[in-house]
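Worth knowing before you read on, the calculation uses all heavy atoms, side chains too, and leaves out hydrogens, waters and symmetry mates. Owing to the predicted nature of the structure, the values given are computational and were not obtained by experimental measurement. In what follows, every chain begins at residue 1, and chains take the letters A, B, ... in the order their sequences are listed.
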Amino acid sequence: MLTVDKNINNVPHTYTAVETDADIKQLVNELKKHTEICFDSETTGIDANEAELVGLSFSVKPGEAWYVPCPADQNRTKEILGLFEPLFADPKKIWIGQNTKYDLLVLKWYGIEPAGNIFDTMLAHYVIEPDGKRSMDILSEKYLGYEPVHIEELIGKKGGRGAGAKTQGSMRDVEIEKIKEYAGEDADITLQLKQVFEPMLQQKEVEKVFNEVENPLVKVLVDMEFEGIKIDEGFLNDYSKELEKDAKTAEESVYKQAGVRFNLASPKQLGEVLFDKLKLDPSAKKTKTGQYQTGEDVLLKLAARGNSIVEDILTFRELTKLKSTYVDALPQLINPKTGRVHTTYGQAVAVTGRLASNNPNLQNIPVRTDRGKEIRKAFIPRDKNHLLVSADYSQIELRIVAAISADPNMCQAFKAGTDIHTATAARVYNVPEKEVTKEMRYKAKSVNFGIIYGQGAFGLADNLGISRTEAKEIIDNYKKEFPGIQQYMDNTINFARENGYVETLMGRKRWLRDINSANFTVRGFAERNAINSPSREPLLI
DNA sequence: GTATTCTGG
DNA sequence: TTCTACCAGAATACG
């Protein structure tokens, strides 16, 4: 049983503050003897692009840690960091940490880029249990049986809303005796987590994706976040006014046609106007909370029946979405220091192994509509000597499915280089590719996407606005024409039932606890996850 | 804080 | 018989 300091088994702990140059040099000499060094940084904020370094902690042995305070005098802090240069320059070191991307980004702002490899305990837990929670507090309690000092004890709770709410204090103002305990403990705990996770990575057979994908990716993401991207603020300000005006026009038109003014941004109020007052659909569906559904798919069906008010509602929705989520939000996220926007990538968030992006989310910038696409013009090169280059896989998920399933017809279609949806339509409708109509291609495309997600006849019918009979016919033909795909889906579900997980080409596993559930719905979800997850990760090289 | 909606892959 | 396409982040309304 591993032990963590005083509170667990009364094992003595030694957390030492190291402040003078002489003591720091002695610490560096001690750390030089070790290949694996656990480290953590304390900072003034939670945004690494804004944060100031308050201190660094190190540990190489459970129960022992050093804390090196970094003063507000930035020149002195750079001097201190300079003393660590021999360690950071050593390519043989392995830097252990929890969410190392954050600490490395903070260090990069001070010009420090460690040469050694990374062992990130957060990423270790991510590949061991992709859908669990993994804050350090929770990992410590779960794997070490120890509840760490809460940060609130040092700097108070996060600022609540309204007057009188206390704002969270700064790490900068905490006295060294307290911060030493907190920071030392973080490095200590993280080192012990590493010792727990390392054998687990072997047992679960996920070292490949951990060593070859996740850990090397950390430094790449640090570079990307640090670099950021330039935003044309003036362009967005102009566009905001245009959207404001056009949204207002659509809004007024809605009120005029409805014969009543209300909050158009409220789905609840809109539903009551459309279905109680105007009675546009006597069989309108309600959500589980009892209000009418007013999502885009519902509104599009009303529009198809010639309700002109719905066009204006859709326009209002589109324009206000663009304005509030992108056009007005992006300029506020420009970093005053760099004049650029720096997203934060979530490397251990999505259960499928994909990245996530926030503050701002740069993975959902509009592209489908003309007025949405316009927003992309605001992302510009740093100067006239640079340009932005865009590269994208073509149909990567379907290619992965073709490769894993080895379906001869699907592989042949990709090898021939023809449009995959046209090729699919030709097979499903049994016509030459030249005779595939737009309609046929559109439906085949929907089937191709639906297949990846485990969609059935009901979903396809709803999506395409066709009968369930027709949808079933299309799907049956699809399965007949691409027998390898059907076989792959059957095999995948069977594999999941027997093993309790599915895996990607890189060896990332997703555990499916409900795959053998007696509940049809619950089991169905797990089965669709089983089919869906493996197609999400390309094989590198 | 939860629900709904909409943006992307 | 059942409910119906996976994975995310963010804005807004509303209690």
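A/Asp462 comes within 4.0 angstrom of nothing in the nucleic acid, heavy atoms only. Across all strands, A/Glu397 comes closer than 4.0 Å to no nucleic acid atom at all (heavy-atom distances). Among the heavy atoms of the strands, none lies under 4.0 Å from A/Ile396. Among the heavy atoms of the strands lying under 4.0 Å from A/Ser357 are primed sugar atoms or P, OP1, OP2 only; no base atom is included. Nucleic acid contact for A/Tyr345: none, since no nucleic acid atom lies under 4.0 Å from a heavy atom of the residue. When heavy atoms are screened at a 4.0 angstrom cut-off, A/Thr287 is found touching the sugar-phosphate backbone but no base atom.
Closest approach to the A/Ala350 side chain among C/dG9, C/dC7, B/dT7 is made by C/dC7 (side chain taken as heavy atoms from C-beta onward). Ranking C/dT12, C/dA8, B/dT7 by closeness to the A/Val349 side chain, first place goes to C/dA8. The A/Arg510 side chain lies nearest to C/dC7 when the options are C/dC3, C/dT12, C/dC7. Side-chain proximity of A/Thr521 to C/dC3, C/dA10, B/dA3: nearest is C/dC3. For A/Arg376, the side-chain atoms get nearest to B/dG8 when compared with the rest of C/dA13, B/dG8, C/dG9. In the set B/dT7, C/dA13, C/dC7, B/dT7 carries the atom at the smallest distance from any side-chain atom of A/Tyr326. In this structure, of C/dA10, B/dG8, C/dC3, it is B/dG8 that holds the atom nearest to the side chain of A/Pro366. With distances taken from any side-chain atom of A/Val367 to the nucleotides C/dA10, B/dG8, C/dT2, the minimum falls on B/dG8. When distances run from any side-chain atom of A/Phe525 to the nucleotides B/dA3, B/dG8, C/dC6, the shortest one goes to C/dC6. Of the candidates B/dT4, C/dG9, B/dG8, B/dT4 carries the atom nearest the A/Pro267 side chain, counting heavy atoms from C-beta on.
OP1 or OP2 of C/dC6 has at least one side-chain nitrogen or oxygen of A/Arg528 nearer than 4.0 Å. Put simply, A/Arg368 has a side-chain N or O that comes within less than 4.0 Å of OP1 or OP2 on B/dG8. A/Arg317 has no side-chain polar atom (N or O) that falls below the 4.0 Å cut-off from OP1 or OP2 of C/dA11. Put simply, A/Asn364 has no side-chain N or O that comes within less than 4.0 Å of OP1 or OP2 on C/dA10. Dashed line: the shortest gap from a side-chain N or O of A/Gln269 to OP1 or OP2 of C/dC14 is under 4.0 Å. The side chain of A/Asn519 contributes no N or O atom lying less than 4.0 Å from OP1 or OP2 of C/dT2. Contact annotation: A/Thr294 side-chain N/O to B/dT4 OP1/OP2 distance is not under 4.0 Å. For A/Thr325, no side-chain nitrogen or oxygen approaches OP1 or OP2 of C/dG9 to under 4.0 Å.
One finds no salt bridge joining A/Asp223 and A/Lys219 here, because no Lys/Arg side-chain nitrogen approaches an Asp/Glu carboxylate oxygen to under 4.0 Å. At a threshold of 4.0 Å, the pair A/Arg354-A/Glu397 counts as salt-bridged, since one of the basic side-chain nitrogens sits closer than that to a carboxylate oxygen. The residues A/Glu205 and A/Lys509 are annotated as salt-bridged, a charged nitrogen and a carboxylate oxygen being separated by less than 4.0 angstrom.
No more than 12 heavy-atom neighbours from other residues, nucleotides or ligands sit within 6.0 angstrom of NZ on A/Lys472.
For residues 251-283 of chain A, every residue pair satisfying the ring-ring contact (aromatic ring centres under 6.0 Å, His included) rule, not counting sequence neighbours, is listed here: A/Tyr255-A/Phe262, A/Phe275-A/Tyr292.
Residue A/Asn361 contributes atom CG, which lies 20 Å from atom P of B/dT5 at whole-angstrom precision. At whole-Å resolution of the value, CD1 in A/Ile531 and P in C/dC6 are 11 Å apart. Atoms NZ (A/Lys288) and P (C/dT4) sit 11 Å apart, rounded to a whole Å. When rounded to the nearest whole Å, the span between NZ of A/Lys268 and C1' of B/dT2 equals 15 Å. The distance between atom CD of A/Glu272 and atom C1' of C/dA13, rounded to the nearest whole Å, is 13 Å. In this structure, A/Asn532 places its CG atom 16 Å from P of C/dT4, rounding to the nearest Å. Regarding A/Phe458, its CZ atom lies at a distance of 11 Å from the P atom of C/dC3, rounded to whole Å. Atom CG of A/Asp370 and atom P of B/dT7 are 13 Å apart (whole Å).
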Might you work through the side-chain contact (heavy atoms from CB on, under 4.5 Å) test for A/Ile380 and A/Phe235, ending with a clear yes or no? CA-CA 11 Å; A/Ile380 55 178; A/Phe235 172 84; over 6 Å; no

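Across every strand in view, C/dC14 sits in a pair with B/dG1 that passes the Watson-Crick or G-U test at under 3.5 angstrom. With both pairing distances under 3.5 Å, C/dC3 is matched to nothing as a Watson-Crick or G-U wobble pair.
Remark: ring of A/Tyr453 overlaps the six-membered base ring of C/dC6 in a stacked fashion, centroids less than 5.5 Å apart, planes less than 30° apart.
The aromatic rings of A/Phe495 and A/Tyr501 stand perpendicular to each other, their planes meeting at an angle above 60°, with 30° marking the opposite boundary. Ring geometry for A/Phe197 against A/His125 counts as tilted: the plane angle lies between 30° and 60°, on a 0 to 90° scale.
To the nearest whole angstrom, the two P atoms, one in B/dA3 and one in C/dT4, are 16 Å apart.
A donor-acceptor contact under 3.5 Å is not formed by the side chain of A/Arg536 with the base of C/dC7.
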